[in-house]
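We name chains A, B, ... by the order of the sequence lines, and we start the count at 1 in each one.
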There are 2 protein chains.
Amino acid sequence: MSCSQEYTPQLRARGYRMTPQRHAILHVLCHSGKHLTPSEVYAKAQKQVAGLTEATVYRTLEFLAENGLARPSHVGNGRLVYEIANHEHHHIKCRNCGDEMEVEHTLLKSMYQKLESASGYQLTDSHVTFFGLCPDCQKSENV
Amino acid sequence: MSCSQEYTPQLRARGYRMTPQRHAILHVLCHSGKHLTPSEVYAKAQKQVAGLTEATVYRTLEFLAENGLARPSHVGNGRLVYEIANHEHHHIKCRNCGDEMEVEHTLLKSMYQKLESASGYQLTDSHVTFFGLCPDCQKSENV
DNA sequence: TTCCTTATTGCAAAAAGTTGCAATAACATA
DNA sequence: TATGTTATTGCAACTTTTTGCAATAAGGAA
């Protein structure tokens, strides 16, 4: 039923376990389709799992991120938000109004290659948040 | 004497003030030449300014970042670190061993242009931290 | 189904970061 | 140099995030 079910074998294969808590948290991420803060996740997931604690939410989100099931990204000043990791993309966020849009990975692909060959690093995590001014805010700045 | 002196006119021009606290914090950033956490900055700056509080350090770092004098970047899991903003660059960090290297902005330049024209956004902040595996850790993974 | 190993959780305390507000002190102006 | 405006600070309370540890429960093996 729930989209989170499909993740069970992925976790098991790596020696991890599927728990009601992880289940609920994955479910929340799946069905929101956008960035959520840890406390937003907590608020929603708590309804499904009695006794869920915030500490568990924090640990679970970090755990999911490490295992590639969730994508963390940095919004504003150092606060982490999470979303489900279903397709590869990035974000660009307006410093002024906070508006946010997705950026396709294809736009960054050749830069990634340049970066890898210049640094010798192999890029793993692929989510980046860029900051700038959205078209609307550019207009109002030019007054 | 101190490198932080030169920033005074920049602040004044925008209606801000140079204070002993800002002075000390800029000094610390200038002379460390690397990323520092807020508490590291606090520990060092406190020696120069009696009574400095951590709240002030947090506010000052954010203030300096907003005004382009300091560069915030995200390391590991959502913790913000700061460095002095003297030359435009990015970082690439190893997920495994934590090693970090600078990436020149020229490598990203054409991607930035593509991104701007595709999104309509005007990119302001330019610091990005990429994550990957450093050459050494790649070797040990391939065992 | 039962047992065992150990990954995972909840709890509680600690650490990290934020915020409102009154007091202070930069610094522009006279 | 003295004065007034207001940006900035310190304080203290608060929110957010992390951590150690003992109890719990997932799920492989018997």
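- Crowding of A/Q10 atom CD: a count of heavy atoms from other residues, nucleotides or ligands under 6.0 Å exceeding 12.
- Looking at the side chain of B/T56, the nearest of the listed nucleotides D/dG10, D/dA26, C/dG10 is D/dG10.
- Applying the side chain to side chain contact (heavy atoms under 4.5 Å, CB included) rule to B/A43 yields no partners; only residues at least two apart in sequence or on another chain are considered.
- For A/F63, the ring-ring contact (aromatic ring centres under 6.0 Å, His included) test picks out A/Y16, with sequence neighbours left out.
- Comparing atom distances between the A/R79 side chain and each of D/dT17, D/dT8, D/dT18 picks out D/dT17 as nearest.
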Please tabulate, one pair per line, all N/O donor-acceptor pairs under 3.5 Å involving side-chain atoms of residues 115-122 of chain B, not counting sequence neighbours.
| from | atom 1 | to | atom 2 | distance (Å) |
| --- | --- | --- | --- | --- |
| B/E116 | OE2 | B/L123 | N | 2.8 |
| B/S117 | OG | B/Q113 | O | 3.3 |
| B/S117 | OG | B/K114 | O | 3.2 |
| B/S119 | OG | B/L115 | O | 2.8 |
| B/S119 | OG | B/Y121 | N | 3.0 |
| B/Y121 | OH | A/D99 | O | 3.4 |
| B/Y121 | OH | A/D99 | OD2 | 3.0 |

With the criterion being N/O to N/O and under 3.5 Å, what pairs connect the protein with nucleotides 27-30 of chain C, and how long is each?
| from | atom 1 | to | atom 2 | distance (Å) |
| --- | --- | --- | --- | --- |
| C/dC27 | OP1 | B/R12 | NE | 2.9 |
| C/dC27 | OP1 | B/M18 | N | 2.7 |
| C/dC27 | OP2 | B/R12 | NH2 | 2.7 |
| C/dC27 | O5' | B/R12 | NE | 3.2 |

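- A/F63 has its CZ atom 15 Å from the P atom of D/dA26, to the nearest Å.
- In this structure, the nucleotide among C/dT9, D/dT8, C/dA26 sitting nearest to the side chain of B/P20 is C/dA26.
- Of all heavy-atom pairs between A/C137 and A/C94, the closest is SG-SG, 3.8 Å.
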Next on the checklist: Quick one, A/V103 with A/V128, criterion side chain to side chain contact (heavy atoms under 4.5 Å, CB included). Give me CA distance, side-chain angles, the key distance, then yes/no.
Outcome noted: CA-CA 9 Å; A/V103 171; A/V128 175; over 6 Å; no
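- Taking only distance into account, the side chain of A/R59 meets the base of C/dG10 through a donor-acceptor pair shorter than 3.5 Å.
- Rounded to an integer number of Å, the gap from OH of B/Y58 to P of D/dT15 is 17 Å.
- Terminal axes of the helix from C/dT1-D/dA30 to C/dA30-D/dT1 (five pairs each, C1' rotation axis) are separated by 30°, to the nearest 10°.
- Note on A/Q21: only backbone sugar-phosphate atoms sit closer than 4.0 angstrom, heavy atoms only; bases stay farther off.
- Nearest approach of A/L80 to A/P38, heavy atoms of both residues: O-CD, 3.3 Å.
- Note on ring orientation: taking the six-membered ring where Trp is involved, the planes of A/F130 and B/Y112 are perpendicular (angle over 60°, cut-offs 30° and 60°).
- For B/R22 and C/dT24, the CZ to C1' distance is 14 Å, given to the nearest whole Å.
- Spacing between atom CD of B/E40 and atom C1' of C/dA16 amounts to 13 Å, rounded to whole angstrom units.
- For A/H91, the ring-ring contact (aromatic ring centres under 6.0 Å, His included) partners two or more places apart in sequence, or in a different chain, are A/H35, A/H89, A/H127.
- For B/A55, counting side-chain heavy atoms from C-beta on, the closest listed nucleotide (C/dT18, C/dT8, D/dT8) is C/dT18.
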